[in-house]
Each structure stands twice: as C-alpha cells, then as structure tokens.
Number of protein chains: 2
Amino acid sequence: MNHGIRPSVQRVAIMEYLMKHHTHPTVDTIYHDLLATMPTLSRTTVYNTLELLHSHNAVQALTIDSRNVHYDGMMSPHAHFMCRCCGRIIDLPMHSDLPANPLPQHVSRVEQIQLNYSGVCDECNENNC
Amino acid sequence: MNHGIRPSVQRVAIMEYLMKHHTHPTVDTIYHDLLATMPTLSRTTVYNTLELLHSHNAVQALTIDSRNVHYDGMMSPHAHFMCRCCGRIIDLPMHSDLPANPLPQHVSRVEQIQLNYSGVCDECNENNC
DNA sequence: TACAAGTTTGAAACGATTACAAAGTTAAAA
DNA sequence: TTTTAACTTTGTAATCGTTTCAAACTTGTA
C-alpha cells in the first residue's frame with residue numbers, strides 16, 4: 001500500500017485524496033482541496049509527491065489534456081475520455097487486452113500505456129455547449 | 001488536400017513540413033526549421049496554423065508528452081511510443097481495430113483516439129541512458 | 001540529546017502557450 | 001484599376017503550469 005515510500009502526513013493525504021476522488025484531478029485541484037485541512041501545504045509538495053508516487057507506480061499521470069497533467073489513483077487497466085467542452089475526464093472500460101506484449105520494434109521496455117479518447121460528453125451534447 | 005483551408009505560404013509550408021517529416025515535431029522544432037527558409041515566420045503563426053489544421057482534422061495533436069504538444073501529419077490509425085530517455089516518438093502499428101464504435105456510456109461523440117506507449121527505446125537501453 | 005538524512009516550504013525562474021493589436025495581404029466589388 | 005472588407009501574419013506582452021533552489025523543519029537513529 002505504501003509502495004516503499006515513507007508516509008509523511010502530506011504524502012498520505014495526497015494518496016488518500018486520489019484513492020477517494022476518481023475525478024482525475026490536476027495538481028492545482030488537489031492542492032486547493034487539501035489546503036482546507038492542511039493550511040501549510042505547499043504546491044511544491046504536491047508536485048514532488050505526485051512525481052514520487054508516479055515513479056513508484058502508485059499513481060498514473062494522464063497526459064490526455066495538453067494543458068496540464070491529471071492524476072489517477074486507479075491502477076487497474078482502463079481507458080479515459082476527455083470532453084473537449086467541459087474538460088471532464090471519465091473512465092472507460094478497456095475491453096481488448098491491448099498490445100502490450102509483442103514488444104514493438106525499436107522498443108526495449110514498455111512502462112506505460114494510455115488509451116485516450118476525446119470528444120463531447122452526453123451532458124455537453126444536450127446543452128450543445 | 002487543403003481541407004477547406006485557405007492556403008497561405010506559411011500554412012502550406014507547415015503542412016508540407018509535417019507531410020515530409022514523420023518525427024512528430026513540436027511547435028518550436030517546426031518554427032526553427034522553417035525559419036531557415038522563411039526568415040519572417042512568426043512563432044504565433046505556427047501555433048495558429050497547427051491549431052487550424054488540427055481543428056480541420058488535417059493533423060493530429062499528440063499529448064503523449066506532458067511537456068509540449070507534438071504534431072503528426074499522418075492521419076491513418078497508428079499508435080505512438082515515446083522514449084522517456086531521449087524523448088523520441090516513434091510510430092507503432094495499431095493492430096486491433098480499437099473500441100471506437102460501441103459508443104461508451106456518457107459519451108456522445110468520439111472525435112479522437114490516441115494510444116500512447118512510453119518506456120525505453122532500444123538505443124537508450126544499450127547506452128543505458 | 002545530537003546528528004544526519006530526509007521532507008516541506010515559499011520564492012523565484014523557466015518555458016510553453018495564449019492574447020492582442022498593429023501591419024500586411026488577398027479577393028472581390030465597384 | 002481602385003477601393004474596401006475580410007482575412008492573415010507578426011511581435012510583444014501576459015499567462016500559467018511546472019521546475020529549481022535554498023532555507024527551515026521533521027524524523028529516525030546513534
């Protein structure tokens with residue numbers, strides 16, 4: 001559960017935040033939400049911790065949004081959809097057990113796979129936003 | 001071929017650059033390379049043009065790299081691999097005709113799909129970089 | 001209790017991208 | 001042609017997510 005990472009108060013709070021909220025938050029969202037209960041929290045700590053968690057494979061760093069990185073505490077294989085209107089990111093099942101293994105040419109090690117969809121979500125489509 | 005876009009000198013140069021170079025360049029790479037032959041080219045024009053081409057589905061905007069957007073003039077379905085050491089992005093075949101159609105729940109319109117791998121490329125693995 | 005290693009913090013720097021207004025270009029009407 | 005309006009390019013300045021860095025703080029261990 002702690003992935004060999006020393007569990008400081010801040011790190012635990014950030015990891016718990018990601019386990020609880022499956023909203024694919026950005027650094028800033030996490031920072032602002034946690035600030036309510038941890039008034040001394042620094043944005044840098046959030047950056048550092050997410051980088052640490054990511055490098056220990058405890059969280060995913062989603063690059064679906066070119067504007068900023070989103071984080072995801074759910075590590076089981078699934079895809080993501082981002083609505084280009086409201087920006088929301090939602091989880092999608094990943095049917096096919098994707099081409100992970102037959103190691104592609106020129107590639108020695110595959111460490112991460114992301115399957116990203118984008119378009120318009122139901123809600124935005126109705127509000128033709 | 002021109003996707004309903006008025007073909008200014010700059011736009012044609014940028015589109016041709018992407019058709020010729022399958023290196024998934026960033027805005028800055030395109031800007032610098034074209035500057036050699038178009039000394040008055042502005043970085044803003046490159047941004048504007050790529051946004052225009054992208055919105056007309058003439059090019060892909062790859063979000064595989066959280067640092068900056070890369071562009072790809074090849075529109076046939078294929079996946080990408082980015083080496084975390086050298087940063088190079090290479091094309092991979094996309095075997096399985098991916099889950100595009102059975103429209104996922106909560107999604108009204110899928111406009112783009114990206115399948116992104118990352119890890120270490122052969123070359124970097126040898127130079128254990 | 002003291003020290004060293006590790007962690008957090010906040011300010012400053014960085015760099016990709018966007019906003020904006022002025023100058024330039026193009027196309028079509030008169 | 002000439003005029004005019006619409007479109008395009010340009011360069012500067014602003015924005016904002018992220019990184020850098022050093023000082024202050026905390027923790028575990030000697």
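Letters A, B, ... are given to chains in the order of the sequence lines, protein chains preceding strands, and every chain is numbered from 1.
The interatomic distance linking Ile5(B) (CD1) with dT8(D) (C1') rounds to 13 Å, in whole Å. In this structure, the CG atom of Asn68(A) is 12 Å from the P atom of dT18(C), given to the nearest Å. Distance, Leu53(B) CG to dT9(D) P: 11 Å, rounded to whole Å. In this structure, the NE2 atom of His70(A) is 11 Å from the P atom of dG17(D), given to the nearest Å. One interatomic measurement links the two molecules: CD of Glu51(A) to P of dT8(C), which rounds to 14 Å at whole-angstrom precision. Rounded to whole Å, the distance from CD1 on Ile14(B) to P on dT9(D) is 8 Å. To the nearest angstrom, P of dG15(C) lies 13 Å from NE2 of His32(B). With rounding to whole Å, Arg6(A) atom CZ is found 16 Å from dA4(C) atom P.
Taking for each of Asn48(B) and Ser66(B) the nucleotide of DNA chain D with the nearest heavy atom, the 5'-most of the two is the partner of Asn48(B). Summary of the strand contacts: Tyr31(B) and Arg67(B) both lie near DNA chain D, and taking for each the nucleotide with the nearest heavy atom, the more 5' one is attributed to Tyr31(B).
For dA19(C), its base sits under 3.5 Å from the side chain of Thr44(B) at one donor and acceptor pair at least.
Residue-level contact check: Ser8(A) touches the backbone only, with heavy atoms under 4.0 Å from sugar-phosphate atoms and none from bases. No engagement by Thr26(A) is indicated, since no non-hydrogen atom pair under 4.0 Å with the nucleic acid exists.
Put simply, Arg11(A) has a side-chain N or O that comes within less than 4.0 Å of OP1 or OP2 on dT8(C). Between Ser42(B) and dT9(D) there is no side-chain polar atom (N or O) within less than 4.0 angstrom of OP1 or OP2. Residue Gln10(B) has a polar side-chain atom (N or O) positioned under 4.0 Å from OP1 or OP2 of dT10(D).
Of all nucleotides listed (dT18(D), dT10(D), dT17(C)), dT18(D) comes nearest to the side chain of Val69(A).
Pairing each heavy atom of Gln114(A) with each of Ala61(A), the nearest pair is NE2-O, 3.1 Å. The two residues Cys83(B) and Cys121(B) have their closest heavy-atom pair at SG-N, 3.4 Å.
The shortest distance between side-chain heavy atoms of Thr49(B) and Glu51(B) does not fall below 4.5 Å. No side-chain heavy atom of Thr23(A) sits under 4.5 Å from any side-chain heavy atom of His70(A).
Annotation: His80(A) is in aromatic contact with His78(A) [ring centroid separation under 6.0 Å].
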